[in-house]
Protein chains: 2
Amino acid sequence: MKPTDTTTYRALNTYTKLMRAAESVTSRVSRTMAAADLTISQFGVLEALLHKGPLCQRDIAAKILKSTGNITLVIDNLEKRSLVRRERTSVDRRYLTIQLTGHGLELIRQVFTRVEAAIVAEMQVLTNDEQEALGVLCKKLGLREGRG
Amino acid sequence: MKPTDTTTYRALNTYTKLMRAAESVTSRVSRTMAAADLTISQFGVLEALLHKGPLCQRDIAAKILKSTGNITLVIDNLEKRSLVRRERTSVDRRYLTIQLTGHGLELIRQVFTRVEAAIVAEMQVLTNDEQEALGVLCKKLGLREGRG
DNA sequence: TTCATATAGTTTAATATTAAACAATATGAC
DNA sequence: GTCATATTGTTTAATATTAAACTATATGAA
C-alpha cells in the first residue's frame, strides 16, 4: 500500500467507527427519552432549559444544532403538552423567552435522571482514562469550522 | 464531589463530546454529498453497492441503520434518477437485488472520491496514533447490544 | 398437501427536518 | 425622524424517517 492509501484507509476506518459509536449509543440512550414520549430534539430543548434557564429560540437552536424553523415546531409541540411556555420579551419584542412550566420541570428532572443513568451505563465499557482520552480526541475533531 | 458524581460528570462530558464530534464531522462531510444532490442515506446506499456489490434491500437497511420502509423510499428516489435498478431474484421471489447502473457507478465513484478526501481532511487534526486510539475506543462503545 | 409461521418489501400515517421566503421588530447611518 | 440593514421567529414546500399494518412469497411440520 502506498502511504496515501494507508492514510486514507486509516481515516475512513476511524470515521466509520466514530459514526457507528455515536449512532449506536444515541439509539440506545434515546429509548429512555422515547419511554417518556420525548423525541431527541424535545429532550434536548427541555434539558437546555433545565440547565441554562430560560432561553430564546435562537439560542436553543444553536444549542441543539437544529434550524430555527424546526425549533418553532418543537416548541409548539412542547407547548401543547404544557411543558414549556413562550413569553414575549418586553425589552426587544422580537425575542420569545422559553420557560419550563412546573410540569415541564418535573418531567425533565425525572427523565434527565434516567437518561443520565443510561449514559453512565454506556460509558462504563470504558475506563476513566479511556473516557478522558475519548473526550480529548472528540473535542479536537469538533473544533473545526462550519455549522455543527 | 462524591465519587458517583465524578463518574456521572465524566460520563456526561464524554458523551457530549462524542455526539458533538460526530454531528460536527457529519455536517461538514455531508456537504460534499449535497453538492452532488445526494442525501446522506442515498450516499450510504450507493456506497454500499459500490463496495459490496448488489445487495437486497434488507441488507442495505442493516448496513446504513435505517428502517426497511425508509430504504424502499430511498431506492425509489435513486431509481427515478436511474442510479440503481431493482431486479427480482428468481430463486426466492421475495428478494429484490439492487444494482448500480452504469450512470450510478460513475456518479458514486466520483462522489466517493470527494467524500473520502473530505474525511481524510477531517481526520488530519489527529495524528495517526490518535486516530487508531479513537477507533479502538469507539469500537468498544459500539459493541453493546441493541438496534444500532 | 395444508396450514402456521417467518421473511422481504410496500404502504400509510404521523412526525421531523431543512431551506427559503416571509413578517415583525430593532439598529445605526444620515 | 427616515431608510437601509440586521435579526427573531413563523410559515411553506419538499423530503426524510419511523412504526405498524399489509401483501406476497417461502419454509417446515403434521
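Order of the sequence lines sets the chain letters (A, B, ...), proteins ahead of strands, with each chain counted from 1. Just so it is clear, the structure is predicted and the values come from calculations on it, not from any experiment.
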Need one value for [X]: base, sugar-phosphate or nothing, where a base atom within 4.0 Å counts as base even if backbone is also close, heavy atoms only.
X       : result
B/Ile71 : nothing
B/Arg86 : sugar-phosphate
B/Asn70 : base

In terms of side-chain heavy atoms of [X], which of [options] is nearest?
X       : options                : answer
A/Lys66 : D/dG9, C/dT11, C/dT17  : C/dT17
B/Thr39 : D/dT17, D/dG9, D/dA16  : D/dA16
A/Val74 : C/dT10, D/dT10, C/dT17 : C/dT17
A/Asn77 : C/dG9, C/dT18, C/dA16  : C/dA16
A/Ser67 : C/dT10, C/dT18, D/dA26 : C/dT18
A/Asp92 : D/dT10, D/dT17, C/dA26 : C/dA26

In whole Å, I'd like the distance from the [atom1] atom of [X] to the [atom2] atom of [N].
X       : N      : atom1 : atom2 : result
A/Leu73 : D/dT8  : CG    : P     : 20 Å
A/Asp37 : D/dT18 : CG    : C1'   : 14 Å
B/Gln57 : C/dT10 : CD    : C1'   : 9 Å
B/Leu65 : D/dT18 : CG    : P     : 9 Å
B/Arg31 : C/dA19 : CZ    : P     : 10 Å
B/Leu55 : C/dG9  : CG    : P     : 10 Å
A/Asp76 : C/dT17 : CG    : C1'   : 14 Å
B/Arg58 : C/dA6  : CZ    : C1'   : 11 Å

For this session: Could you check A/Gly69 against A/Tyr95 and say which one's nearest nucleotide on DNA chain D is further toward the 5' end?
Result: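 Looking at the nearest nucleotide for each, A/Tyr95 comes out on the 5' side.
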
Considering only NZ, NE, NH1 and NH2 on the basic side and carboxylate oxygens on the acidic side, decide whether [X] and [Y] come within less than 4.0 Å.
X        : Y       : result
B/Arg85  : B/Glu79 : no
B/Glu132 : A/Arg10 : yes
B/Asp76  : B/Arg81 : no

Exercise. Cut-off 3.5 Å, side chains only: do A/Thr97 and A/Thr89 have a donor facing an acceptor?
Worked result: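 Yes, because at least one side-chain N or O of A/Thr97 sits under 3.5 Å from a partner of the opposite role on A/Thr89.
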
Exercise. Think B/Gln42 has a side-chain N or O under 4.0 angstrom from the OP1 or OP2 of D/dT15?
Worked result: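 Indeed not, no polar side-chain atom of B/Gln42 lies that close.
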
Problem set entry | Any A/Thr68 side-chain nitrogen or oxygen under 4.0 Å from OP1 or OP2 of D/dT10 | no

Problem set entry | Polar side-chain contact B/Arg94-C/dT7 base: donor and acceptor under 3.5 Å | yes

Exercise. For B/Leu49 and B/Leu55, which heavy atoms make the closest approach, and how far apart are they?
Worked result: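 Shortest heavy-atom separation between B/Leu49 and B/Leu55 comes out as CD2-N, 3.8 Å.
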
For this session: Specify the glycosidic conformation (syn or anti) of C/dA6, with syn defined as within 90° of 0.
Result: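 Because its glycosidic torsion lies more than 90° from 0, C/dA6 adopts the anti conformation.
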
For this session: On the 0 to 90° scale, with breaks at 30° and 60°, tag the A/Phe112-A/His51 ring pair as parallel, tilted or perpendicular.
Result: perpendicular

For this session: Look through every strand shown and name the nucleotide pairing with D/dT27 as Watson-Crick or G-U wobble, where both distances are under 3.5 Å.
Result: C/dA4

Seminar exercise, completed: As its Watson-Crick or G-U partner within any shown strand, both distances under 3.5 Å, C/dT25 has none

For this session: Could you say whether B/Thr97 or A/Ser41 is positioned toward the 5' end of DNA chain C, judged by the nucleotide with the nearest heavy atom to each?
Result: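 Looking at DNA chain C, the more 5' nearest nucleotide goes with B/Thr97.
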
